[in-house]
Chemist: 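Here you go, one structure.
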Number of protein chains: 2
Amino acid sequence: MALQETMKALSNPVRREILMMLKTGAQPAGDIAQHFELSQATISAHLSLLKHADLIREQKYKNYIYYELNLSVFEEATLWLKGFTNEK
Amino acid sequence: MALQETMKALSNPVRREILMMLKTGAQPAGDIAQHFELSQATISAHLSLLKHADLIREQKYKNYIYYELNLSVFEEATLWLKGFTNEK
DNA sequence: CATCTATTTAGGATTTTAACGAAATAGGTT
DNA sequence: AACCTATTTCGTTAAAATCCTAAATAGATG
């Protein structure tokens, strides 16, 4: 998919921290927001951008929206980067 | 070093294209600029940012400033990304 | 169905980024 | 020293990103 979207999404520290939070498993938007001193609305916008970049997926359960990593796009980005160090 | 600088630098398509141009070896700033329909000043600013992110190094020779990749920082970024897909 | 809770959307202020042309600098070369 | 040539720095402008508060939406629950 679009490397541009991926890289743009990864360029922001808040979004990277969100991704790291999701390493251990899916979490609802509210829980994610509580880890930051930022408004819920701001975190929601970051989540939306990560979703558009396809780095995360959402999954509804009860009253919550759980977000989780979508690893395939990470693999693409990793490959792009490895292209610099691997080849002779 | 600072992952923030690295990711910020990689988030821009012009800068990524510059990096790809340097895969095949060092090139002077002027040659790099010629591959884009952007002013020399703009490319110079991109090169400066890449240099601050430590993704490239400069090397003076005759009248030119040659830029070349600095692979160690690519490795750090690759490791960070692989941290998402590798671990269980 | 009325209400509560979780989350997003809208609108707006502030900061950052990307670009340009023009001027400045830094080295070579004559 | 004077002059090229390559590159950067300066000053400015326009567009995009980030954040906030307040209002809207969407589901679950009583």
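Chain letters run A, B, ... following the sequence lines, proteins first and then strands; every chain starts at 1.
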Chemist: Can you check whether V14(B) reaches I43(B) side chain to side chain, under 4.5 Å on heavy atoms?
Modeler: yes
Chemist: Below 4.0 angstrom from OP1 or OP2 of dT17(C), is there any side-chain N or O of H46(B)?
Modeler: no
Chemist: For the pair Q27(B) (side chain) and M21(B) (backbone), establish whether a donor and an acceptor sit closer than 3.5 Å, ignoring hydrogens and angles.
Modeler: yes
Chemist: Atom CG of N63(A) and atom C1' of dG30(D): how far apart are they, to the nearest Å?
Modeler: 13 Å
Chemist: If you only use heavy atoms from C-beta on, which nucleotide in dT9(D), dG27(D), dC20(C) is closest to the side chain of S39(B)?
Modeler: dC20(C)
Chemist: Counting side-chain heavy atoms from CB outward, which of dT18(D), dT8(D), dC20(D) is closest to T42(A)?
Modeler: dC20(D)
Chemist: Compare the minimum distances between each of dA18(C), dT7(D), dA6(C) and the side chain of A29(B), then state the nucleotide with the smallest one.
Modeler: dT7(D)
Chemist: Can you list every ring pair (Phe, Tyr, Trp, His ring centres under 6.0 Å) pair that touches residues 43-74 of chain A, not counting sequence neighbours?
Modeler: F74(A)-F84(B)
Chemist: Measuring from the side chain of V14(B) (C-beta onward, heavy atoms only), which nucleotide among dT18(D), dA19(C), dT8(C) has the closest atom?
Modeler: dA19(C)
Chemist: Could you tell me the separation between the CG atom of N12(A) and the C1' atom of dA16(D), rounded to a whole number of Å?
Modeler: 13 Å
Chemist: Picking from dT7(D), dC19(D), dT7(C), which would you name as closest to the side chain of Y67(B)?
Modeler: dT7(D)
Chemist: Output the rounded distance in Å from CD (Q40(B)) to C1' (dT9(D)).
Modeler: 13 Å
Chemist: Among I56(A), L22(A), D54(A), whose side-chain contact (heavy atoms from CB on, under 4.5 Å) with N70(A) holds?
Modeler: D54(A)
Chemist: Which part of the nucleic acid, if any, lies within reach of F36(B) when heavy atoms closer than 4.0 Å are counted: base, sugar-phosphate only, or nothing?
Modeler: nothing
Chemist: To the nearest angstrom, how far is L47(A) atom CG from dA6(C) atom P?
Modeler: 16 Å
Chemist: Atom CD of Q59(A) to atom P of dA6(C): distance rounded to whole Å?
Modeler: 18 Å
Chemist: If you look at every strand shown and take non-hydrogen atoms under 4.0 Å, does L38(B) touch a base, only sugar-phosphate, or nothing?
Modeler: sugar-phosphate
Chemist: To the nearest angstrom, how far is I32(B) atom CD1 from dT8(D) atom P?
Modeler: 9 Å
Chemist: Is a side-chain donor or acceptor of E58(B) paired with a backbone partner of K51(B) at a separation under 3.5 angstrom?
Modeler: no
Chemist: Within this structure, what is the CG-to-C1' distance between L49(B) and dT9(D), rounded to whole angstrom?
Modeler: 15 Å
Chemist: For A45(A) and K60(A), take the nucleotide of DNA chain D holding the closest heavy atom to each; which residue's nucleotide lies nearer the 5' end?
Modeler: A45(A)
Chemist: Of all the choices, dA19(C), dT17(C), dA18(C), which nucleotide is nearest to the side chain of K8(B) once you look at every atom?
Modeler: dT17(C)
Chemist: Just compare dA6(D), dA18(C), dA22(C) and give me whichever is closest to any side-chain atom of A41(B).
Modeler: dA22(C)
Chemist: Just call it for Y61(B): base, sugar-phosphate, or nothing, with non-hydrogen atoms closer than 4.0 Å on any strand.
Modeler: nothing
Chemist: Atom CZ of R15(A) to atom P of dA17(D): distance rounded to whole Å?
Modeler: 9 Å
Chemist: Looking only at side-chain atoms of I65(B), point me to the closest of dT18(D), dT7(D), dT8(C).
Modeler: dT7(D)
Chemist: Are L10(B) and M20(A) in one and the same hydrophobic cluster, where Ile, Leu, Val, Met, Phe, Trp and Tyr link if side-chain heavy atoms are under 4.5 Å apart?
Modeler: yes
